[in-house]
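For reference, the structure is listed below as structure tokens.
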Amino acid sequence: MLRITDILEKTQSYLSPVELEMIEKAYIFSASVHQGQIRLSGEPYLTHPMEVAGMLADMKMDAATIITGLLHDTVEDTLTTLKQIEDNFGKVVANLVDGLTKISKIRFSSQEERQAENFRKMILAMSSDMRILLIRLADRVHNMRTLEFQTPDRQHYIAQETLELYAPLANRLGINWMKTELEDLAFRHLDFDAYNDLAKRVAKKREKRERYTEEVKNIIKKELDNLGIQGEIEGRAKHFYSIYQKMQEQHINFDEVYDLTAFRIILDSDKEKDCYEALSAVHALWKPVPGRFKDYIAMPKANNYRSLHTTVIGPYGERVEIQIRTREMHEWAEEGIAAHWHYKEGYDHHGDDVEQIRKLRELLEVQQELDNPHEFMSNLKLALFPDEVYVFTPNGDVRAFPKGATPVDFAYSIHTDIGHQCIGAKVNRNIVPLKYLLKNGDTVEIITQAGHHPSKDWLKFVVTSKAISRIRSWVNAEERKKSIGLGKALLEKEFKKHHLKLNQLVKSEEIKGLYAEYSIKTSDDLLATVGYGRLSPKRVVNLFLPEDTVKKDDVSAQKTKKKIPVSSSLGISLTGIEDVLVRFAKCCEPIPGDAIIGYISRGRGVTIHTTGCPIIQELDPERLVTVEWAIKEKNAYPVHLRAVCRDHKGVLAEISSIISSFDVNISHAEIETNPDMQAICDFRIDVHDLTQFNQIVTSIKKLNGIISVERIRRVQ
């Protein structure tokens with residue numbers, strides 16, 4: 001266990017005696033309030049805040065941040081109040097602790113809603129102090145290091161959240177060591193067999209790789225010395241998750257991954273031109289691979305990462321990836337914002353820090369406008385993945401966009417009105433479709449027309465969170481207008497049947513209970529809720545009818561009502577909606593165990609999608625409803641599985657045999673080969689739930705020659 005003396009030793013070189021004394025005081029306070037609490041690992045709870053504070057000390061954070069690391073769980077998990085924190089450690093620490101305290105005492109209808117609200121709180125708190133995110137990331141790193149003590153379901157949930165949200169956040173802050181550790185730890189818990197297999201294969205090649213690494217380093221060092229360029233050459237094995245990603249994306253097996261080691265040239269010079277001189281030296285030694293050079297010095301990444309990247313054909317014909325940067329650039333690449341972050345009185349923030357914080361806040365604050373928790377989380381995940389292209393405005397300014405961005409994304413990045421009024425675009429002076437995918441170096445000009453409005457179809461191809469949220473906001477406003485009109489027409493018709501006047505009764509006392517049940521605030525909300533199909537007109541009018549009339553209507557309705565499938569028979573529980581037709585979406589084919597969401601279709605009941613289904617992004621969020629699995633008996637659910645492997649005789653029979661061994665029906669199977677002599681095997685199988693599907697995937701992965709096994713969207 002880390003000791004307080006260890007933390008004080010790490011910080012005494014840059015903190016004052018008074019600050020060190022406050023850190024020790026925070027340690028004593030934390031030990032006192034957490035006394036008797038035990039982690040799932042069996043260790044005293046104090047080990048967790050100590051490890052978090054230790055990480056923050058390694059990052060050379062200020063005293064307030066380290067003190068908060070020691071106290072970050074006190075308000076949430078003990079009887080400590082924020083007033084006590086403020087009285088003992090000051091307002092700054094109290095605000096940091098408050099920003100880190102999760103929303104644990106409020107009841108939410110779904111895990112996703114709770115997750116969304118916790119992230120909203122953290123983002124709002126970050127707006128005033130970025131240290132909150134740095135502490136939360138350190139907290140997550142230690143929790144991931146001890147994740148094996150959680151239940152399997154919690155392990156999967158936390159690891160998935162880490163991979164989708166926390167690792168990208170670390171990347172956005174430029175903290176590379178944190179990003180890579182979070183990715184590898186998440187990978188280990190999400191697919192242990194794949195992780196373990198990869199670890200063994202990398203270890204098996206270690207001795208050979210180390211010899212090769214030393215040879216390449218010596219060749220580069222000799223060449224740089226001859227040119228009088230001083231610096232350090234590093235050769236490090238790539239982290240497991242990046243190797244795994246490459247195998248999945250390129251459909252290759254481990255033996256076909258050549259660049260397992262990444263080399264870095266870290267120059268003693270602080271001049272950018274020396275990086276280009278070193279690049280010339282490398283290209284003089286070995287032939288560069290076309291299309292593999294990236295200049296992140298001229299055009300830094302969104303997280304302000306700067307470096308030159310090149311891939312060359314090195315000794316023995318192997319591909320070698322080399323990064324070239326100054327020592328200052330390297331410090332930023334590894335530590336990001338933490339490398340220059342100063343909070344001491346009298347210090348100015350480093351210019352890069354200020355710009356990076358502005359970018360991240362702007363990126364995340366766009367999400368704050370989204371009320372729907374699913375939409376909020378989907379957009380947040382999308383916003384955090386920064387595989388980028390760099391384009392120019394007509395004035396020559398550089399703008400960075402996610403890969404796959406279009407002129408419409410560009411238009412919304414300038415201003416919402418420019419996006420709304422966009423009718424066309426010129427790229428490199430040529431008219432292009434609005435779906436055109438922007439490429440590095442493009443010069444983009446937007447053509448607008450006053451009074452023009454966005455199209456719902458734009459949601460099918462825009463990729464930036466700002467464009468998605470602005471278009472969806474406009475579409476939702478239009479949909480709401482239509483739904484208010486439809487709801488009014490439906491209610492007036494129902495009220496008229498019973499000789500009642502709608503306008504008088506929607507403001508009456510009888511309707512207030514309904515408002516609370518459906519989170520309705522205004523009469524327009526009521527009309528929209530009816531128009532969206534969430535609430536039947538009959539339910540509203542029954543509030544104003546005598547009980548005898550309501551009972552007669554119910555009996556009459558039972559006699560004439562067509563027999564429709566009951567949602568519970570399909571294993572689905574609906575929240576706040578009466579008996580309706582339920583069906584599963586064919587686009588994503590949900591199976592028990594998947595996170596799911598319902599979509600109300602007028603006249604077609606509720607369609608169940610997985611929460612990760614791309615189609616959901618295009619749907620009106622006002623029509624999305626909370627649904628849950630309520631399995632009472634085992635049913636068979638269709639799902640599509642794809643296995644990619646080396647092509648050999650009998651491969652289809654081998655995989656089919658594995659599937660059949662689980663007593664699972666194969667309703668469709670087909671195989672095709674690609675030019676790389678790989679077999680792509682697609683199966684449509686009927687499983688009971690996600691656990692059974694995962695067991696099948698794990699078993700298939702153990703076959704010889706398997707490159708990847710994954711669940712795919714419906715084969716058309």
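The basis for the numbers below is simple: all heavy atoms, side chains too, and nothing from hydrogens, waters or symmetry mates. Residue indices begin at 1 and follow the sequence shown. Keep in mind the model is a prediction, meaning the values are calculated, not measured.
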Note to self: Less than 4.0 angstrom from a charged side-chain N to a carboxylate O is my criterion; do Lys456 and Glu478 meet it?
What the structure shows: no

Check: Looking only at atom types and distance, does a side-chain atom of Asp689 sit under 3.5 Å from a main-chain N or O of Gly593, one as donor and one as acceptor?
Finding: no

Check: Could you give the distance from CD1 (Ile671) to SG (Cys681), rounded to the nearest 0.5 Å?
Finding: 3.5 Å

Item checked: 4.5 Å side-chain heavy-atom contact, Ile685 and Ser667 -> no

Check: Would Asn476 and Arg480 satisfy side-chain contact (heavy atoms from CB on, under 4.5 Å), going step by step from the backbone distance to the final call?
Finding: CA-CA 6 Å; Asn476 290 349; Arg480 181 176 168 82; over 6 Å; no

Checklist line | pair Tyr436-Leu438: side-chain heavy atoms closer than 4.5 Å | finding: yes

Notebook entry, point to check: Between Trp474 and His453, how do the two ring planes meet: parallel, tilted or perpendicular, split at 30° and 60°?
Noted result: parallel

Item checked: Under 3.5 Å donor-acceptor, His609 side chain and Thr611 backbone -> no

Checklist line | Minimum heavy-atom distance between Ile707 and Gln248, given as atom pair plus value | finding: O-NE2, 3.9 Å

Note to self: Using the rule given for salt bridge (charged side-chain N to carboxylate O under 4.0 Å, His left out), can you reason through Lys482 versus Glu479, listing the C-alpha separation, both sets of side-chain angles and the distance that settles it, and then say yes or no?
What the structure shows: CA-CA 5 Å; Lys482 291 177 187 175; Glu479 285 277 343; 5.1 Å; no

Check: Given side chains that start at C-beta, do those of Gln695 and Phe662 come closer than 4.5 Å, heavy atoms only?
Finding: yes

Note to self: Would Arg136 and Leu100 count as a side-chain contact (heavy atoms from CB on, under 4.5 Å) here? Give the steps.
What the structure shows: CA-CA 7 Å; Arg136 176 61 72 211; Leu100 288 157; 3.9 Å; yes

Notebook entry, point to check: Hey, does the side chain of Asp686 reach the backbone of Ala636 with a donor-acceptor pair shorter than 3.5 angstrom?
Noted result: no

Next item on the list: Step by step, work out the side-chain contact (heavy atoms from CB on, under 4.5 Å) result for Ile468 and Leu459.
Entry: CA-CA 6 Å; Ile468 291 169; Leu459 290 170; 4.2 Å; yes

Check: With no hydrogens and no angle check, is any side-chain donor or acceptor of Asp594 less than 3.5 Å from a backbone partner on Ile591?
Finding: yes

Item checked: Carboxylate-amine/guanidinium proximity below 4.0 Å for Arg642 and Asp682 -> yes

Notebook entry, point to check: Does a salt bridge link Arg188 with Asp193, judged by any charged N lying under 4.0 Å from a carboxylate O?
Noted result: no

Next item on the list: Please tell me if the side chains of Thr162 and Leu165 come closer than 4.5 Å, counting only heavy atoms from C-beta onward.
Entry: no

Notebook entry, point to check: If every non-hydrogen atom of Arg711 is compared with every non-hydrogen atom of Glu589, which pair is closest and at what distance?
Noted result: NH2-O, 2.8 Å

Check: Does the side chain of Tyr166 reach to within under 4.5 Å of the side chain of Leu137, using non-hydrogen atoms?
Finding: yes

Item checked: Distance (rounded to the nearest 0.5 Å) between Asn635 CG and Tyr637 OH -> 4.5 Å

Next item on the list: Return the minimal non-hydrogen interatomic distance between Ile700 and Ala643, and the atom names on each side.
Entry: CG2-CB, 4.4 Å

Item checked: Heavy-atom pair with the smallest gap, counting every atom of Ile158 and Arg140 -> O-NH1, 3.4 Å

Checklist line | side-chain contact (heavy atoms from CB on, under 4.5 Å) between Met144 and Leu182, intermediate numbers included | finding: CA-CA 7 Å; Met144 287 299 294; Leu182 288 173; 4.0 Å; yes

Next item on the list: State, yes or no, whether a side-chain contact exists between Pro592 and Leu690 at a heavy-atom distance under 4.5 Å.
Entry: no

Next item on the list: Scan side-chain atoms only and decide if Thr101 and Asp98 contain a donor-acceptor pair under the 3.5 Å cut-off.
Entry: no

Next item on the list: For Leu434 and Thr406, work out which heavy atoms get closest and say how close.
Entry: O-CB, 3.3 Å

Next item on the list: Over all heavy atoms of both residues, which pair between Gly419 and Trp458 is shortest? Give the atoms and the distance, please.
Entry: O-CZ3, 3.4 Å

Margin query: Could you check whether any side-chain N or O of Ser469 sits under 3.5 Å from a backbone N or O of Lys466, counting only pairs where one atom can act as donor and the other as acceptor?
Written below: yes

Margin query: I'd like to know if the side chain of Ser661 reaches the main chain of Ile658, judged simply by a donor and an acceptor atom lying under 3.5 Å from each other, with no hydrogens or angles considered.
Written below: yes

Next item on the list: Drop me the distance from Tyr599's OH to Arg583's CZ, to the nearest 0.5 angstrom.
Entry: 11.0 Å

Check: Between Gln155 (side chain) and Gln150 (backbone), is there a donor-acceptor pair under 3.5 Å?
Finding: yes

Next item on the list: Could you tell me the separation between the CD1 atom of Ile680 and the SG atom of Cys645, rounded to the nearest 0.5 Å?
Entry: 9.5 Å

Margin query: If you define the side chain from C-beta out and look only at heavy atoms, does anything of Glu494 sit under 4.5 Å from Val540?
Written below: no

Checklist line | Asn665 CG to Arg684 CZ distance, which is reported to the nearest 0.5 Å | finding: 9.5 Å

Note to self: Against the six-membered ring of Tyr412, is Arg470 placed for a cation-pi contact (under 6.0 Å from the centre, within 45° of the normal)?
What the structure shows: no

Check: When rounded to the nearest 0.5 angstrom, what is the spacing between CG in Leu490 and CZ in Phe495?
Finding: 12.0 Å

Next item on the list: Decide yes or no for Ile696 and Leu641: does some side-chain heavy atom of the first lie under 4.5 Å from some side-chain heavy atom of the second?
Entry: yes

